[in-house]
Visitor: 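What follows is a single structure, and I will ask about it in a moment.
Model, not experiment: these values are computed from the prediction. Note on naming: letters A, B, ... go to the chains in the order of the sequence lines (proteins, then strands), and numbering restarts at 1 for each one.
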There are 2 protein chains.
Amino acid sequence: MTNQEKIASYLEKFVHLTENEIIEFTSRFKEIRVKKRQFIVQPDFVPKSRYFVIKGALRAYVVGDEGKDHTIQFAIEDWWISDYDSYIHQQPASMFVVALEDCILMQISFEDEQTLKALNHKFETFFRYKSELSTAFLQRRIITNLTKSAKERYDIFTESFPKLVQRVPQYALASYLGITTQFLSKIRNLKPVPNKS
Amino acid sequence: MTNQEKIASYLEKFVHLTENEIIEFTSRFKEIRVKKRQFIVQPDFVPKSRYFVIKGALRAYVVGDEGKDHTIQFAIEDWWISDYDSYIHQQPASMFVVALEDCILMQISFEDEQTLKALNHKFETFFRYKSELSTAFLQRRIITNLTKSAKERYDIFTESFPKLVQRVPQYALASYLGITTQFLSKIRNLKPVPNKS
DNA sequence: TGTCAGTTTTGACAAATAACAATGGATAAA
DNA sequence: TTTATCCATTGTTATTTGTCAAAACTGACA
């Protein structure tokens, strides 16, 4: 399957398109390859593109005043990534986005995305729906953060994204869950409490 | 200004519409009035509508396993509210949405919203853009929750939403910030630390 | 094969925040 | 106005999670 076909098959989960529309859409994307540890978004630069992951894993994070990393998002195959807020407003980024593995990405520029959305109602529908799903996803994450303990959040994450847990370093996962890498280590290595009976 | 005009003026922040389009859009909305303490969304019922606030204040919250409230969202004039995730998926809600004051709301049904989005590319654009802003907003909230202490989160909230702080009860604000009402009280009544010089 | 950088683990101690309990003020209904 | 309920405050103690420091592990590569 070509990269364009991979985008197309993702697209068709949301909207039904003609051959021509598929070409119109996917031809706006450009393949890029990034090596592990390479950055595709950095603070103070306007993110000109967003990225669809064909292969590999990435991580978006901010660095707090205290100098610590806080992971905002992961992305693997079939996910999108950028500094979302900065991208849609075309403002300087506040995040880093870095490759956790060697990656193949499909890149679309902000202008091309605008063009696509203006060109065809169905493309607009696709982006609208995708954005609604993001909103719902983030709201669920906020609910989990508000209502669950660190251990529960870890268990929920491993159940929801078992593949991801295998592929991301533990310090990155810890900072996504809002805890330190040491504390995550302790959670993982908790001995089951001896039965009180 | 009529209620329809209020929706129209909100709309026009995002898309430029003709007279007819404005009527087409706003005529789908129906005014409802709810009294303080009245619920417009409850767990286990599918939220058939979302609501645009003409007047009043509301609060969306979940109840955790331990029986405590966790505020997910507030809404005052010009904001929208529902159980977002359940609304877009038309699934039973997990939230309560309750009026904190007597309210006047403009209600649109899920079906009417779908119709509008299908009918006119510009309406689709409006909903897409609004959803993008929600995504960006929630992402900023997650970043704040990950990177800031309780006191800092409170200060950021009061700076960002000074009007809201005056109108919502403190227990609701505390649960939005992810802290107990007692701890919020302590934060607010902190005496400035005596100068060490 | 050994070395080194990056990562994870472990333990002792500290900080942030919650839990509990009691009190007093505010508000709204009777 | 009285009464009952809800809400905010305050003090004390308990829990969760962070900090710091050291050691153990891992995998890439010289």
Side-chain angles (χ1 to χ4, degrees), chain A residues 35-39 56-59 61 63-71 74 96 98-102 144-158 164-193, chain B residues 35-39 57 59 61 63-71 74 96 98-102 144-158 164-193:
Chain A
K35 288 286 191 187
K36 185 168 174 175
R37 273 173 247 273
Q38 189 179 328
F39 290 89
L58 306 98
R59 163 182 178 241
Y61 66 96
V63 178
D65 302 330
E66 6 65 349
K68 277 170 208 134
D69 284 12
H70 303 273
T71 300
F74 294 110
F96 297 88
V98 68
L100 296 171
E101 308 171 353
D102 294 353
T144 305
N145 287 169
L146 287 176
T147 60
K148 306 293 182 183
S149 70
K151 167 105 176 70
E152 288 169 326
R153 296 200 302 276
Y154 171 72
D155 291 338
I156 290 169
F157 189 91
T158 54
L164 216 39
V165 178
Q166 314 303 334
R167 287 168 72 177
V168 308
Q170 232 162 90
Y171 66 82
L173 176 50
S175 79
Y176 180 92
L177 296 173
I179 57 180
T180 59
T181 168
Q182 293 95 326
F183 193 60
L184 177 55
S185 174
K186 283 165 195 175
I187 285 171
R188 285 168 48 96
N189 296 92
L190 275 182
K191 298 287 168 295
V193 181
Chain B
K35 288 285 192 188
K36 186 170 173 174
R37 273 172 246 272
Q38 189 178 330
F39 290 87
R59 163 183 178 241
Y61 65 96
V63 177
D65 303 330
E66 5 66 351
K68 277 170 207 134
D69 284 12
H70 302 272
T71 300
F74 293 110
F96 297 89
V98 66
L100 296 171
E101 309 169 352
D102 294 352
T144 305
N145 287 167
L146 287 176
T147 60
K148 305 292 182 183
S149 70
K151 167 106 176 66
E152 288 169 327
R153 297 201 300 277
Y154 171 71
D155 291 337
I156 290 169
F157 188 91
T158 55
L164 215 40
V165 178
Q166 314 301 336
R167 286 169 71 178
V168 307
Q170 232 160 90
Y171 67 82
L173 176 50
S175 80
Y176 179 92
L177 296 173
I179 58 179
T180 59
T181 169
Q182 292 95 329
F183 194 60
L184 177 56
S185 174
K186 283 164 195 176
I187 284 171
R188 284 168 48 95
N189 296 91
L190 274 183
K191 298 288 170 295
V193 181

Visitor: For the residue pair B:Phe157 and B:Leu164, establish whether any side-chain heavy-atom pair is separated by less than 4.5 Å.
Guide: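 When only atoms from C-beta onward are counted, B:Leu164 and B:Phe157 do touch, with a gap below 4.5 Å.
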Visitor: Please write out each protein N/O paired with an N/O of nucleotides 5-7 of chain C under 3.5 Å, distance rounded to 0.1 Å.
Guide:
from	atom 1	to	atom 2	distance (Å)
C:dT7	OP1	A:Tyr171	OH	3.2

Visitor: Begin with the C-alpha distance, continue with both residues' side-chain angles, and end with the deciding distance and a verdict on salt bridge (Lys or Arg N to Asp or Glu O under 4.0 Å) for A:Lys148 and B:Asp65.
Guide: CA-CA 9 Å; A:Lys148 306 293 182 183; B:Asp65 303 330; 3.1 Å; yes
Visitor: Would you kindly give the NZ-to-C1' distance between A:Lys148 and C:dA18, to the nearest whole Å?
Guide: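 Between C1' of C:dA18 and NZ of A:Lys148: 18 Å.
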Visitor: Please list, for nucleotides 19-26 of chain C, all pairs of protein and nucleotide N/O atoms separated by less than 3.5 Å.
Guide:
from	atom 1	to	atom 2	distance (Å)
C:dA19	OP1	B:Lys68	NZ	3.0
C:dA19	N6	B:Lys186	NZ	3.2

Visitor: Hey, mind stepping through B:Lys36 and B:Glu101 against side-chain contact (heavy atoms from CB on, under 4.5 Å) and telling me if it holds?
Guide: CA-CA 4 Å; B:Lys36 186 170 173 174; B:Glu101 309 169 352; 5.6 Å; no
Visitor: When B:Lys151 is tested against each of B:Ile187, B:Ile179, B:Leu177 for side-chain contact (heavy atoms from CB on, under 4.5 Å), which residue passes?
Guide: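 Among the candidates, only B:Ile187 passes.
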Visitor: Rounded to the Å, how far apart are A:Arg153 CZ and D:dT16 C1'?
Guide: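 Whole-Å distance recorded here is 11 Å.
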Visitor: May I ask you to test the B:Thr144-B:Ile156 pair for a side-chain heavy-atom distance under 4.5 Å?
Guide: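 Counting from C-beta outward, B:Thr144 and B:Ile156 do come under 4.5 Å.
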Visitor: What is the distance from CG of B:Leu184 to P of C:dA16, rounded to the nearest Å?
Guide: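 After rounding, the reported distance stands at 17 Å.
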Visitor: Between P on C:dA15 and CD1 on B:Ile179, what's the gap in Å once rounded to a whole number?
Guide: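 In whole Å, C:dA15 P lies 20 Å from B:Ile179 CD1.
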Visitor: Measure from CD on B:Glu101 to C1' on C:dT27 and round the result to the nearest Å.
Guide: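 Taking atom C1' of C:dT27 as the reference, CD of B:Glu101 is at 15 Å.
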Visitor: For a 4.5 angstrom cut-off between non-hydrogen side-chain atoms, does A:Val165 reach A:Thr158?
Guide: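 Yes, at least one pair of side-chain atoms sits under 4.5 Å.
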Visitor: Starting at CZ of A:Phe183 and ending at P of C:dA15, how long is that distance when rounded to a whole Å?
Guide: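 Interatomic distance, CZ of A:Phe183 to P of C:dA15: 18 Å.
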Visitor: Could you check if a side-chain atom of A:Tyr154 sits within less than 4.5 angstrom of a side-chain atom of A:Leu173, using non-hydrogen atoms only?
Guide: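 In contact.
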Visitor: Sequence neighbours left out, what passes side-chain contact (heavy atoms from CB on, under 4.5 Å) with A:Ala172? Give chain and number order.
Guide: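 Partners of A:Ala172 by the side-chain contact (heavy atoms from CB on, under 4.5 Å) criterion, ordered by chain and then number, come out as A:Arg59, A:Thr71, A:Phe74, A:Pro169.
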Visitor: I need the CD-C1' distance between A:Gln166 and C:dT8, as an integer number of Å.
Guide: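 Taking CD of A:Gln166 and C1' of C:dT8, I get 16 Å after rounding.
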Visitor: Measure OH/A:Tyr154 against P/D:dT17 and give the value in whole Å, please.
Guide: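 For the pair A:Tyr154 OH and D:dT17 P, the rounded distance is 15 Å.
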Visitor: Would a 4.5 Å heavy-atom cut-off, applied to side chains only, mark A:Ser185 and A:Gln182 as touching?
Guide: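 Contact flag for A:Ser185/A:Gln182 side chains = no.
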